[in-house]
Amino acid sequence: MQHILLIDSEPQIIQDILSLYGYKVDVAQDGYTGIQRFFQNKSQYELLILDIQVPRLNGWSVLKTIRSSDENPCIPILAIIQGDSDEEAVTSLRRGADACLAKPVKASQLLAYVESILRRKQWSANASKKQHKDSTTEELNAAISLLTPRENEILKLLVQGCSNQMISKRLVISETTVKNHLAHIFKKLKVSNRTQAAYMAQKLQMLASSSDY
């Protein structure tokens, strides 16, 4: 269930619409309480809906406080403005709102805005994950590419759980030679033991198998 913080002095209509469509909604009826609640539970919220005319601390001050903070400043924010006020819309967008919706709020418009904003957020998160995965894959590939063919053979047997003695027998080499190769493998992969080396190889296999390409 997607979690939304609603800061609005008259939250009932928006809260009812969102709750009806399966969203979990926390409510604050003034800007000061809204900021407190946001920073107390910032990791939980996927969207902030903010009435610009909220009392005690207006919406623009709330926007400024959140956007200038180091704590989850990138949360998407949907500003609720009065009527078709161009001034409120422009100021809200300039101060950090991602979109503006005019009162009186219609259910179809509200849901369309919320779905669109959350969808873009998910696309962005997926793109970041893919970029990180690609970067990790490149780093692991670069490390593995430093290994000689013999070292690659030994690493594959290591992943299979083979002991030094088993590797020695399979490759018809001495255990001392196996140990020397392992030392070179550890150095090239920048690890300190066989478990870490095997983990790196397995991780590369998993990343490759889950690739979208």
Criterion side chain to side chain contact (heavy atoms under 4.5 Å, CB included) on Thr148 and Lys188, from CA distance to verdict: CA-CA 10 Å; Thr148 65; Lys188 290 177 180 178; 3.9 Å; yes
Glu153 and Lys156: CA distance, side-chain angles, deciding distance, salt bridge (charged side-chain N to carboxylate O under 4.0 Å, His left out) verdict: CA-CA 5 Å; Glu153 286 181 309; Lys156 288 176 182 178; over 6 Å; no
Nearest non-hydrogen partners of Ala198 and Val159, listed with the distance: O-CG2, 4.0 Å
CA sep, side-chain torsions, deciding dist, call: Asn41, Gln44, side chain to side chain contact (heavy atoms under 4.5 Å, CB included): CA-CA 6 Å; Asn41 305 285; Gln44 299 178 19; 3.6 Å; yes
Min side-chain heavy-atom separation Leu50-Phe38 under 4.5 Å: no
Arg194 CZ to Leu155 CG distance, which is reported to the nearest 0.5 Å: 10.5 Å
Residue pairs fulfilling salt bridge (Lys or Arg N to Asp or Glu O under 4.0 Å) with at least one residue in residues 168-181, sequence neighbours excluded: none
Heavy-atom side-chain proximity of Glu46 to Val114 below 4.5 angstrom: no
Spatial distance of atom CD1 (Ile117) from atom CD1 (Ile49) [nearest 0.5 Å]: 7.5 Å
Straight-line distance of Tyr32 OH to Ser61 OG, nearest 0.5 Å: 13.5 Å
Minimum side-chain heavy-atom gap Gln2-Lys24 below 4.5 Å: no
Beyond-backbone contact of Ile80 with Ile52, side-chain heavy atoms, under 4.5 angstrom: no
Any donor-acceptor pair under 3.5 Å from Gln160 side chain to Leu157 backbone: no
Ring geometry between His3 and Tyr45 (parallel below 30°, tilted from 30 to 60°, perpendicular above 60°): perpendicular
Student check: side-chain heavy atoms of Lys103 and Gln82 closer than 4.5 Å: yes
Heavy-atom closest contact (Leu158 atom, Ala197 atom, distance): CD2-CB, 4.0 Å
Side chains of Phe39 and Ser69 in contact at under 4.5 Å (non-hydrogen atoms): yes
Closest non-hydrogen atom pair between Ile75 and Arg67, with its separation: O-NH1, 2.8 Å
Steps toward side chain to side chain donor-acceptor pair (under 3.5 Å) verdict (Asn180, Thr177): CA-CA 5 Å; Asn180 288 336; Thr177 302; 5.3 Å; no
Pair up each side-chain donor or acceptor in residues 6-22 with any protein partner under 3.5 Å, not counting sequence neighbours, and list the distances.
from: Asp8; atom 1: OD1; to: Glu10; atom 2: N; distance (Å): 3.0
from: Gln12; atom 1: NE2; to: Asp16; atom 2: OD1; distance (Å): 2.9
from: Gln12; atom 1: NE2; to: Asp16; atom 2: OD2; distance (Å): 3.4
from: Ser19; atom 1: OG; to: Gln15; atom 2: O; distance (Å): 2.8

Intermediate values then yes/no, side chain to side chain contact (heavy atoms under 4.5 Å, CB included), His184 and Leu147: CA-CA 8 Å; His184 293 149; Leu147 304 182; over 6 Å; no
Candidate pair Ser192 and Gln196, rule side chain to side chain donor-acceptor pair (under 3.5 Å), full reasoning: CA-CA 7 Å; Ser192 56; Gln196 293 173 350; 3.0 Å; yes
Derivation and outcome, side chain to side chain contact (heavy atoms under 4.5 Å, CB included), residues Arg37 and Leu5: CA-CA 8 Å; Arg37 187 154 297 170; Leu5 175 61; 4.1 Å; yes
Euclidean distance, Ser116 OG relative to Asp98 CG, rounded to 0.5 Å: 10.0 Å
Candidate list Leu47, Asp26, Leu48, test side-chain contact (heavy atoms from CB on, under 4.5 Å), partner Ile4, passing option: Leu47
Ser92 side-chain N/O to Glu88 backbone N/O, donor-acceptor pair under 3.5 Å: yes
Donor-acceptor pair between Gln29 and Thr33 side chains, under 3.5 angstrom: no
More than 12 heavy atoms from other groups under 6.0 Å of CZ on Phe186: yes
CD1-CD distance between Ile81 and Glu87, expressed to the nearest 0.5 angstrom: 10.5 Å
Atom pair CG/CD of Leu189 and Glu151 - distance to nearest 0.5 Å: 8.5 Å
